[in-house]
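Taking it in order: structure first as structure tokens, then the write-up.
Order of the sequence lines fixes the chain letters, A, B, ..., with proteins taken first and strands second; residue numbering starts at 1 for each chain. Bear in mind the structure is a predicted one, so any value in this text is a computation, not a measurement. Hydrogens, waters and symmetry mates play no part in the numbers below; they use all other heavy atoms, side chains included.
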Amino acid sequence: MIDLKLLQKDFQGVSDKLVRKGVSVELLDSLKKKSEELKTAKVDYETLQAAQNTMSKEFGIYKKEGKDVSELKARVDANKIKITEALEVQRIKQEELESLAMSIPNIPDDDVPDGEDENDNIEIRKVLTPREFNFTPKEHWELAEQNGWIDFERGVKLATSRFSVSFGMGAKLERALINFMLNFNSKRGFEEVSVPSIVNRAALEGTGQLPKFEDDLYKIEDQELFLIPTAEVPVTNLFQDEILSPNQLPIKLTAYTSCFRKEAGAAGRDTRGMIRQHQFHKVELVSITKPEDSDKIFDEMVQTASDLLSALELPHRLVNLCSGDLGFGAAKTVDLEVWLPGQATYREISSVSNTREFQARRAKIRFKDENKNSFVHTLNGSSLAVGRTMVAIMENFQNEDGSITIPKVLESYIN
RNA sequence: GGACAGCUGGCCGAGUGGUCGAAGGCGCACGCCUGGAACGCGUGUAUAGGGCAACCUAUCUAGGGUUCGAAUCCCUAGCUGUCCA
């Protein structure tokens, strides 16, 4: 959630920044008005409540002294009606403000490049050179089927389109990757954690998936519970509504989970293969930091994901997302895109974001900062999306006969 | 699935309608004592919001109700524990 006080204080500055992310000034203006209205309503209510409390105390004294209370009771009753009204006004204002504020995205950092969409993203650097093929490299779905690693039809049979099944070496490789990634991240100081795949509404509001993106989530029928779209949700929300002590920070965690996404609005995109599935495996990094440390840890997380790809000998590049391509909660995002020779293009395999205090404010994650409470910064990043890593291995490590060499670092995990 | 019990501040724990935001203890912080420490003694020690000073509002798992007034009574939900199937 954006800082409403900041919006009051520096409306121009905040709106200038949010316009870059496609938020209209009118929306921000009404947000500012609503927040002022709520304040007034609150003062009104609290004034009446204070009077009520005073009179109630008098009431007790009257009773003790045996005085007549009928006149006082009449006054109190009259005031009570006013309180009920004032409370209702406040409740409505509160709701209006919240629904508005919760749908405003995070303010992008100043160094985020301007732009509309992915075409305006800025490449930071390339890592490793793609290998030269002396034959025409195949795309992963062909290799997956040829090697018997992945069965797309049976995934559809069990669920619906965009589900798949891994067999034999495909399944083994998947498991090997998960283990390898978790171990790798542990060595980099991220503590392993295992979390639920189902979370409640509050958790999703905390990290920003709700209320705006309910259509992208799988909801459990008849319950206010959802399948997680990323481990970022349960892991970040571990600390929801907590006041951490400064010496606990930074908290650096890594988790493996399945992720579930409806992919609403992605019809027709990546329909072949396993680039865009409804269920996929992912190893995630999450950090909770003091504000002054978040830039440093952001770089660490990007580096960890990049090193992971390098360890797997996968050529990739780092991309700084432009303002228009930035996700809802992100102040800054660096994507890692892996080289796919079959498609002769770089495709996203990891996304590292600093949400600064956007999620912390929504999820109420704070720390004691010299006697006063401050919001922490929260960061998240994939390291890595397992399915897409499989895709990258298949395409980059394919041989002319369609067989696939296993990357060296994974050998010990497979045997 | 059924029955019962409980859920109070960082922790333990008192409190069954009226200065209770909450006794007491532990812990923690500071001070005294000490050569230094322990012990002892003293003082302080929840969170959020508004004015941003006095002060005011809210919070004793959550939500609702009764009442002039609720940690205390009633209802619902969640969690924990015990027992029965």
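When the C1' atom is compared between B:C12 and B:C7, the two are found 14 Å apart, to the nearest whole Å. Spacing between B:C39 and B:A23 at atom P, rounded to whole Å, works out to 24 Å. One C1' atom belongs to B:A54, the other to B:G6, and the distance between them is 42 Å to the nearest Å. Nucleotides B:U67 and B:C73 are separated by 10 Å at their C1' atoms, to the nearest Å. Between B:C28 and B:A37, the two P atoms lie 16 Å apart (nearest whole Å). A distance of about 10 Å separates the C1' atoms of B:A14 and B:U8, rounded to the whole Å. Separation of the P atoms belonging to B:A3 and B:A58 is 37 Å when rounded to the nearest angstrom. Nucleotides B:A46 and B:C83 are separated by 39 Å at their P atoms, to the nearest Å.
Geometrically, A:Lys282 does not engage A:Tyr256 in a cation-pi contact, judged by NZ or CZ lying under 6.0 Å from the ring centre and within 45° of the ring axis.
Taking a cutoff of 4.0 Å between a charged side-chain nitrogen and a carboxylate oxygen, A:Arg347 and A:Glu395 do not qualify as a salt bridge. Here A:Lys157 does not pair with A:Glu153 in a salt bridge; the nearest charged N to carboxylate O distance is not below 4.0 Å. For the pair A:Arg276 and A:Asp270, the salt-bridge criterion is met [side-chain N within less than 4.0 Å of a carboxylate O].
Each of B:G50, B:G18, B:U57 was ranked by its minimum atom distance to the side chain of A:Phe59; first place goes to B:G18. Comparing B:U67, B:U57, B:U47 by their nearest atom to the side chain of A:Arg366 picks out B:U47. When distances are taken from the side chain of A:Val76 to each of B:U57, B:C68, B:G50, the shortest belongs to B:C68. Among B:G50, B:U57, B:C68, the nucleotide with an atom closest to any side-chain atom of A:Gln49 is B:U57. Closest to the side chain of A:Lys5, out of B:C56, B:U67, B:G50, is B:G50.
One finds no side-chain N or O of A:Lys42 lying less than 4.0 angstrom from the OP1 or OP2 phosphate oxygen of B:G50. In this model, the phosphate group of B:U57 is approached by a side-chain N or O of A:Asn53 to a distance below 4.0 Å at OP1 or OP2. For B:C68, neither phosphate oxygen OP1 nor OP2 lies less than 4.0 angstrom from any side-chain nitrogen or oxygen of A:Lys67. Residue A:Lys39 places at least one side-chain N or O under 4.0 Å from the OP1 or OP2 atom of B:G51.
Of the nucleotides present, B:G78 is the one that pairs with B:C7 by Watson-Crick or G-U wobble criteria, both distances under 3.5 Å. Judged by Watson-Crick or G-U wobble contacts below 3.5 Å, the nucleotide B:G1 has B:C84 as its partner. Shown here, B:A58 forms a base pair with B:U47; the pair counts as Watson-Crick or G-U wobble because both key distances fall under 3.5 Å. Base pairing of B:G35: no nucleotide in any strand meets the Watson-Crick or G-U wobble criterion (both distances under 3.5 Å). For B:A71, there is no paired nucleotide, since no Watson-Crick or G-U wobble pair has both relevant distances below 3.5 Å. Under the Watson-Crick or G-U wobble criterion, with both distances below 3.5 Å, B:A14 is left unpaired in every strand shown. When both distances must be under 3.5 Å, the Watson-Crick or G-U wobble mate of B:A22 does not exist. In this structure, B:G42 and B:C30 make a Watson-Crick or G-U wobble pair, each of the two defining distances being under 3.5 angstrom.
The interatomic distance linking A:Lys80 (NZ) with B:U66 (P) rounds to 7 Å, in whole Å. Rounded to an integer number of Å, the gap from CD of A:Glu46 to P of B:U59 is 11 Å. The distance from atom CG of A:Leu87 to atom P of B:G65 is 10 Å, rounded to the nearest whole Å. Here the C1' atom of nucleotide B:A48 and the CG atom of A:Leu4 are 15 Å apart, to the nearest Å. Distance CD1 (A:Ile83) to P (B:U57): 11 Å, rounded to an integer number of Å. Regarding A:Lys82, its NZ atom lies at a distance of 16 Å from the C1' atom of B:C68, rounded to whole Å. Atoms CD (A:Gln8) and P (B:G50) sit 10 Å apart, rounded to a whole Å. Following rounding to the nearest Å, A:Gln94 (CD) and B:G63 (P) show an atom-to-atom distance of 13 Å.
A:Glu411 and A:Asn415 form no side-chain donor-acceptor contact under 3.5 Å, judged by distance and modelled atom types alone. Under the 3.5 Å distance criterion, with hydrogens and angles disregarded, a donor-acceptor pair is assigned to the side chains of A:Tyr413 and A:Asn183.
The main-chain N or O of A:Thr289 is never found under 3.5 Å from a side-chain atom of A:Asp293 such that the two would form a donor-acceptor pair.
If you check every strand for non-hydrogen atoms under 4.0 Å, A:Glu58 touches nothing.
Looking at A:Gln398, A:Arg272, A:Met394, A:Gln343 one by one, the single match for side chain to side chain contact (heavy atoms under 4.5 Å, CB included) with A:Glu139 turns out to be A:Gln343.
Of the two residues near RNA chain B, A:Met55 and A:Tyr45, the one whose nearest nucleotide lies more 5' is A:Tyr45. In terms of position along RNA chain B, the nucleotide closest to A:Lys57 lies nearer the 5' end than the nucleotide closest to the other residue of the pair A:Lys57 and A:Thr47.
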